[in-house]
Trainee: 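Below is one structure. I have some questions about it.
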Amino acid sequence: MLSDQYGKIDIHSLNPLILTIDDFCDADEVLKIQNFARAQEFMPSQVSTVEGMKTDRTIRSASGSEPTKETERIIGPARERAADLLNFTINASEPTALLKYEVGEEYKNHFDTTADPESETFGRCFTAVLYINDDFEGGETRFSRLGLDIKPKAGRLALWSNKRPNGTDPHPMSLHAGLPVTAGTKWIATFWIHRGVVGRGAAPAAVSAP
Ligand SMILES: O=C(O)CCC(=O)C(=O)O
Ligand SMILES: [Fe+2]
């Protein structure tokens, strides 16, 4: 049972499904990922826009690191477990996005997917965010239209569905933001979970609760 493997599991919304799982990574794994994250070089993050991927600090001012074999070795097992929760395979997941937010940095309201089958983000049925540390202030993940803030806690996984029940359009209530960090530095790993093959035109079937 999941609750035997992990800590407290909370369901915050059914449609779209939004849940958190505490102690998704145990203390040793959290420490290993923290040490890895702190040692990485970070560059301004890219966001997906109608013109393709670009650096746009008006949407996301956090910075990201290039995923490497080492990222896979250190964070891959958690990504694999997140996909396993949904019975998807690791092949159905994009490379891990490791993000760092310094004071004042944020990720403004956005959807993680689009309704455009040509877009690289079309297949993102689910997003899982692993909170790597919690020695900072601010930085909650806010579902603006649901009045829901998820508090970062080291080792906690937030998992949500991005699609409406038709499986193609972004779920309007999945609009979310990473609020500005007000003290310290926030690190997260984001896993975008696709159903089937990653990439353009990977049509997901209906995956959300009706
Ligand atoms: O920083 C957060 O809490 C949210 C991150 C996010 O929305 C994303 O990586 O797509
Ligand atoms: Fe997001």
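Treat the numbers as computed from the prediction; the structure is a model and nothing was measured. Both ligands and their constituent atoms are indexed starting at 1 by order of listing.
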Trainee: Cationic tip of Arg81 within the cone over Phe24's six-membered ring, i.e. under 6.0 Å and within 45° of the normal?
Mentor: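 Positive - Arg81 is close enough to the ring of Phe24 and near enough to its axis.
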Trainee: When you measure from the centre of the six-membered ring of Tyr101, is the NZ or CZ of Lys186 under 6.0 Å away and within 45° of the axis?
Mentor: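 Yes; both conditions hold, so Lys186 lies above the ring face of Tyr101.
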Trainee: Looking only at N, O or S atoms, which one in His110 sits nearest to the Fe ion (ligand 2)?
Mentor: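 Per the distance ranking, His110 contributes NE2 as its closest N/O/S atom to the Fe ion (ligand 2).
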Trainee: Are His110 and Asp112 linked by a side-chain donor-acceptor pair shorter than 3.5 Å?
Mentor: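 Checked: His110/Asp112 side chains pair up, N/O donor to acceptor below 3.5 Å.
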Trainee: Determine whether Thr141 and Asp149 make a side-chain contact, defined as any pair of heavy atoms from C-beta on separated by less than 4.5 Å.
Mentor: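 Side-chain contact under 4.5 Å: no.
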Trainee: Just so I know, are the side chains of Leu159 and Leu86 near enough to count as touching, which here means a heavy-atom distance under 4.5 Å?
Mentor: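 Result yes, sub-4.5 Å side-chain heavy-atom pair found.
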Trainee: Parallel, tilted or perpendicular for Phe143 and His176, by the 30°/60° rule?
Mentor: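 Tilted.
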Trainee: Can you list every pair where an N/O of ligand 1 is under 3.5 Å from an N/O on the protein?
Mentor:
from: ligand 1; atom 1: 1 (O); to: Tyr101; atom 2: OH; distance (Å): 2.6
from: ligand 1; atom 1: 1 (O); to: Lys186; atom 2: NZ; distance (Å): 2.8
from: ligand 1; atom 1: 3 (O); to: Thr141; atom 2: OG1; distance (Å): 2.5
from: ligand 1; atom 1: 3 (O); to: Lys186; atom 2: NZ; distance (Å): 2.9
from: ligand 1; atom 1: 7 (O); to: His110; atom 2: NE2; distance (Å): 3.1
from: ligand 1; atom 1: 7 (O); to: His176; atom 2: NE2; distance (Å): 3.0
from: ligand 1; atom 1: 9 (O); to: Thr190; atom 2: OG1; distance (Å): 2.9
from: ligand 1; atom 1: 10 (O); to: His110; atom 2: NE2; distance (Å): 3.4
from: ligand 1; atom 1: 10 (O); to: Asp112; atom 2: OD1; distance (Å): 3.2

Trainee: Report the name of the N/O/S atom of Asp112 located nearest to the Fe ion (ligand 2).
Mentor: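 Restricting Asp112 to its N, O and S atoms, the minimum distance to the Fe ion (ligand 2) goes to OD1.
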Trainee: Report the C-alpha separation of Lys153 and Asp134 in whole Å, then their side-chain angles, then the decisive distance to 0.1 Å, and conclude whether the salt bridge (charged side-chain N to carboxylate O under 4.0 Å, His left out) test is met.
Mentor: CA-CA 5 Å; Lys153 182 169 181 243; Asp134 51 26; over 6 Å; no
